[in-house]
Peer 1: 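This is the structure I want to talk about, given as structure tokens.
Heavy atoms only: backbone and side chains are in, while hydrogens, waters and symmetry mates are out. Start at 1 with the first residue, then count along the sequence.
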Amino acid sequence: MVMTDPSGGPRRTVVLVRHAKAESGEEGADHERRLTDRGRRAAAAAGQWLAGRVPAPDAVWCSSAVRAVQTWEAMAPSLRAPRPTVERDLYLTGARDLAERLSGVTGSVVVVGHNPTMEHLLAIFVDELRGLRPGAVAIVDVGEGRLVEMWEPGR
């Protein structure tokens with residue numbers, strides 16, 4: 001059953017996740033950078049936090065970059081979520097293209113990606129530029145164009 005927003009249309013919730021803290025990448029390809037231990041712990045905490053707000057997202061889209069996949073893998077045990085759609089396009093895409101792609105989606109979608117795309121996508125949805133630290137999670141009601149709630153890992 002799809003929830004409806006106050007206008008009577010289907011509710012559209014997008015959960016934006018910036019991948020958690022990753023290795024510096026001084027050696028090797030950017031796409032292959034892995035999470036640090038701190039990043040893994042933060043991602044697991046993000047999953048626990050999200051479970052109290054969006055426990056069963058309808059879809060999960062994840063960048064194919066190792067650090068994004070690892071972020072989702074650490075979050076997933078806390079959630080009742082479908083298998084993620086892992087795409088190289090989500091590693092490379094810009095915020096406007098991703099916003100367009102999300103415009104046809106109903107229900108709740110978790111998107112695990114990278115900056116600056118995640119920050120710019122949040123700005124497109126809520127008309128306000130906000131920073132997203134590594135591992136941050138932002139829940140957006142796209143229909144209302146508002147930030148519902150945000151979580152960031154401790155320093």
Side-chain angles (χ1 to χ4, degrees), residues 1-5 10-25 27-93 95 98-99 101-122 125-126 130-144 146-155:
M1 178 176 164
V2 175
M3 297 171 52
T4 59
D5 71 16
R11 175 152 291 173
R12 294 179 35 225
T13 301
V14 175
V15 179
L16 301 175
V17 179
R18 180 178 174 193
H19 69 77
K21 178 82 173 146
E23 299 169 338
S24 66
E27 297 178 22
D30 181 69
H31 192 269
E32 304 308 313
R33 289 173 45 210
R34 304 180 64 76
L35 291 184
T36 63
D37 288 341
R38 185 171 116 198
R40 277 190 272 292
R41 287 190 303 273
Q48 292 168 355
W49 177 85
L50 188 58
R53 287 143 185 91
V54 184
D58 297 307
V60 177
W61 298 356
C62 185
S63 159
S64 62
V66 171
R67 60 195 180 276
V69 171
Q70 288 179 327
T71 297
W72 175 249
E73 287 172 346
M75 293 177 71
S78 297
L79 303 164
R80 295 183 314 276
R83 169 174 260 130
T85 300
V86 177
E87 298 180 31
R88 179 114 176 141
D89 285 353
L90 293 173
Y91 173 67
L92 302 170
T93 194
L98 190 49
R101 184 171 168 195
L102 286 163
S103 69
V105 173
T106 58
S108 57
V109 179
V110 174
V111 181
V112 184
H114 311 270
N115 263 359
T117 301
M118 292 293 104
E119 286 179 357
H120 292 167
L121 187 57
L122 180 59
F125 287 146
V126 303
R130 300 176 74 108
L132 290 175
R133 291 190 359 229
V137 180
I139 302 172
V140 178
D141 183 320
V142 178
E144 293 183 10
R146 71 180 178 90
L147 177 63
V148 174
E149 198 167 355
M150 193 163 138
W151 179 88
E152 291 186 327
R155 291 190 182 250

Peer 1: Provide the closest heavy-atom pair for W151 versus A42 in the form atom of the first, atom of the second, distance.
Peer 2: CH2-O, 3.4 Å
Peer 1: Might you work through the side chain to side chain contact (heavy atoms under 4.5 Å, CB included) test for M118 and N115, ending with a clear yes or no?
Peer 2: CA-CA 5 Å; M118 292 293 104; N115 263 359; 3.5 Å; yes
Peer 1: Using the salt bridge (charged side-chain N to carboxylate O under 4.0 Å, His left out) definition, which of the options R133, R130, K21, R18 pairs with E152?
Peer 2: R133
Peer 1: In a table with atom names and distances, give each donor-acceptor pair under 3.5 Å that connects a side chain of residues 43-63 to protein atoms at least two apart or in another chain.
Peer 2:
residue: R53; atom: NE; partner: E149; partner atom: OE1; Å: 3.1
residue: R53; atom: NE; partner: E149; partner atom: OE2; Å: 3.1
residue: R53; atom: NH1; partner: W49; partner atom: O; Å: 2.8
residue: R53; atom: NH2; partner: E149; partner atom: OE2; Å: 3.4
residue: D58; atom: OD2; partner: S108; partner atom: N; Å: 2.7
residue: D58; atom: OD2; partner: S108; partner atom: OG; Å: 3.4
residue: S63; atom: OG; partner: A65; partner atom: N; Å: 3.1
residue: S63; atom: OG; partner: H114; partner atom: NE2; Å: 2.7

Peer 1: Say whether, by atom type as modelled, one donor and one acceptor occur between the side chain of R34 and the main chain of E23 under 3.5 angstrom.
Peer 2: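 No, R34 side chain to E23 backbone: no donor-acceptor pair under 3.5 Å.
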Peer 1: What's the shortest heavy-atom distance between I139 and L147, and which atoms?
Peer 2: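 Smallest interatomic distance, heavy atoms only, reads O-CD1, 3.4 Å.
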Peer 1: For R40, which residues count as a side chain to side chain donor-acceptor pair (under 3.5 Å) partner, sequence neighbours excluded?
Peer 2: D37
Peer 1: Under the side chain to side chain contact (heavy atoms under 4.5 Å, CB included) criterion, do H120 and L98 qualify, and how do the steps go?
Peer 2: CA-CA 10 Å; H120 292 167; L98 190 49; over 6 Å; no
Peer 1: Who passes side chain to side chain donor-acceptor pair (under 3.5 Å) against S64, sequence neighbours left out?
Peer 2: H31
Peer 1: Just how far is it from atom CG of L92 to atom OG1 of T117, taken to the nearest 0.5 Å?
Peer 2: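 So the CG of L92 and the OG1 of T117 are separated by 9.5 Å.
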Peer 1: Take W72 and V17 through the side chain to side chain contact (heavy atoms under 4.5 Å, CB included) test and state the conclusion after the steps.
Peer 2: CA-CA 9 Å; W72 175 249; V17 179; over 6 Å; no
Peer 1: Are more than 12 heavy atoms from other residues, nucleotides or ligands located less than 6.0 Å from atom CZ of R101?
Peer 2: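 Atom CZ in R101 is packed in, count exceeds 12.
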Peer 1: Can you give me the closest heavy-atom contact between R12 and T106, atom names plus distance?
Peer 2: CG-CA, 3.9 Å
Peer 1: Quickly, which of Q70, R67, R33 forms a side chain to side chain donor-acceptor pair (under 3.5 Å) with H19? Name it, please.
Peer 2: R67
Peer 1: Compare all side-chain heavy atoms of L121 with those of L102 and state whether any distance is below 4.5 angstrom.
Peer 2: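 Of all side-chain heavy-atom pairs linking L102 with L121, at least one is under 4.5 Å.
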Peer 1: Looking only at heavy atoms, what is the nearest atom pair of L132 and E119, with distance?
Peer 2: N-OE2, 2.8 Å
